[in-house]
Amino acid sequence: MNKVCGDAGAALEGLLFDGMMIAAGGFGLCGIPELLIGAIRDVGVKGLTIASNNCGVDDFGLGVLLKTKQIKKMISSYVGENAEFMRQYLSGELDLEFNPQGTLAERMRACGAGIAGFYTKTGVGTVVAQYKEHKTFNGETYVLETGIVADLSIVKAWKADRSGNLVFRKTARNFNPPAATCGRICVAEVEEIVPVGSLDPDHVHLPGIYVHRLIQGVHEKRIEQRTTRAAA
């Protein structure tokens, strides 16, 4: 099977529809699938539920889908750095399901591992645990969290071979692997595609079995908050 597509639009062809759920990799603006996000914006699908650690910034990353009002609900652990996110949430235009960061990552990972749900102590006694099943283990209370099953996963990696085996670079290896595994279809964008056999198997972070389509592109790699000082 040829997984390599010419561009982001081609990679997403036939996969997008109104009201779908998308799991997106990345942390802040690090390791985000910016080209695929741009293609989703261009297609114009609406009513999206997005599971992602955060929602980019106002004019970059998932923030561009907020700007075009394509997102109906966010499943996130962090809403900072994005004034439009805050405005839409406070005005009632955007639904928000808060998840502790580790819980969100584990909900994605659990689905990829075939685990329907798991119990965690995180969030017990807070609004996060409201209306969820509680259970006691060894005298401690835990709350049931369910795995996230997405219609589509979009992720960003540093390098891939043509079979879709992925290598992530440094902190980009954050939410990308678990996000990739929880989608019925996974599309990855990378900086470099190499021939099959070029990657050391011990260096592969995500096996190609999880990746259905693949593109290579040039990425902007913005920094959320740049702090500098005058030269000495």
Side-chain angles (χ1 to χ4, degrees), residues 1-18 20-45 48 50-53 56 60-65 68 70 105 108-109 111-114 148-222:
M1 180 186 298
N2 180 23
K3 298 182 179 181
V4 181
C5 301
D7 56 32
L12 294 173
E13 186 175 356
L15 302 180
L16 302 176
F17 56 91
D18 291 347
M20 71 186 301
M21 177 185 278
I22 299 174
F27 186 95
L29 297 182
C30 176
I32 63 170
E34 61 198 69
L35 304 179
L36 294 168
I37 291 169
I40 293 170
R41 175 199 57 201
D42 294 343
V43 171
V45 286
L48 303 176
I50 306 286
S52 182
N53 177 67
F60 194 63
L62 289 170
V64 302
L65 300 181
T68 53
Q70 291 173 255
M108 293 179 176
R109 191 205 69 82
C111 175
I148 290 175
V149 182
D151 298 299
L152 172 68
S153 294
I154 54 173
V155 299
K156 159 73 166 55
W158 173 45
K159 188 179 293 188
D161 65 19
R162 298 184 68 86
S163 290
N165 295 303
L166 302 184
V167 179
F168 300 96
R169 189 170 185 271
K170 300 188 177 182
T171 52
R173 187 184 173 189
N174 41 53
F175 273 83
N176 276 299
T181 66
C182 74
R184 294 185 175 94
I185 298 290
C186 175
V187 181
E189 61 181 72
V190 301
E191 298 176 36
E192 182 182 4
I193 298 176
V194 299
V196 174
S198 299
L199 300 177
D200 183 334
D202 285 337
H203 295 167
V204 172
H205 298 136
L206 185 75
I209 189 68
Y210 289 106
V211 179
H212 300 83
R213 299 182 185 179
L214 186 66
I215 62 165
Q216 179 175 319
V218 177
H219 300 85
E220 188 172 342
K221 298 185 180 180
R222 288 197 199 180

Heavy-atom pair with the smallest gap, counting every atom of Y210 and G112 = OH-O, 3.8 Å

Locate the shortest heavy-atom distance separating I148 from A51; write the atom from each residue and the value.
-> CD1-CB, 4.2 Å

Under 3.5 Å, side chain of K159 to main-chain N/O of L199, donor-acceptor pair present?
-> no

Closest approach of S163 and V196, non-hydrogen atoms and distance?
-> OG-CG2, 3.5 Å

CG on D151 to CD1 on I185, rounded to 0.5 Å | 10.0 Å

Among L36, V187, L48, which residue meets the side chain to side chain contact (heavy atoms under 4.5 Å, CB included) test with L152?
-> V187

Can you find a heavy atom in the side chain of V43 that is under 4.5 Å from one in the side chain of L12?
-> no

Between L35 and A8 the two heavy atoms that sit nearest each other are O-CB, 3.5 Å

With side chains defined as the heavy atoms from C-beta onward, is the minimum distance between L62 and I32 less than 4.5 Å?
-> no

Only one of N176, V167, V155, T181 forms a side chain to side chain contact (heavy atoms under 4.5 Å, CB included) with L206, so which one is it?
-> T181

Looking only at heavy atoms, what is the nearest atom pair of E189 and H219, with distance?
-> OE2-NE2, 2.7 Å

Check: E13 main-chain N/O paired with R213 side-chain donor or acceptor under 3.5 Å = yes

To the nearest 0.5 Å, how far apart are CG in L214 and NE2 in H212?
-> 12.5 Å

For residues S52 and F175, determine if any side-chain heavy atom of one lies less than 4.5 Å from a side-chain heavy atom of the other.
-> no

Report yes if some heavy atom in the side chain of I22 is under 4.5 Å from a heavy atom in the side chain of I40; otherwise report no.
-> yes

Side-chain donor or acceptor of H205 paired with backbone N/O of L166 under 3.5 Å = no

Within-4.5 Å side-chain heavy-atom neighbours: V204 and D161 | no

Interatomic distance, CD1@I193 vs OG@S198, rounded to 0.5 Å, equals 12.0 Å

Heavy-atom closest pair (Q70 atom, V45 atom, distance to 0.1 Å) is NE2-O, 2.9 Å

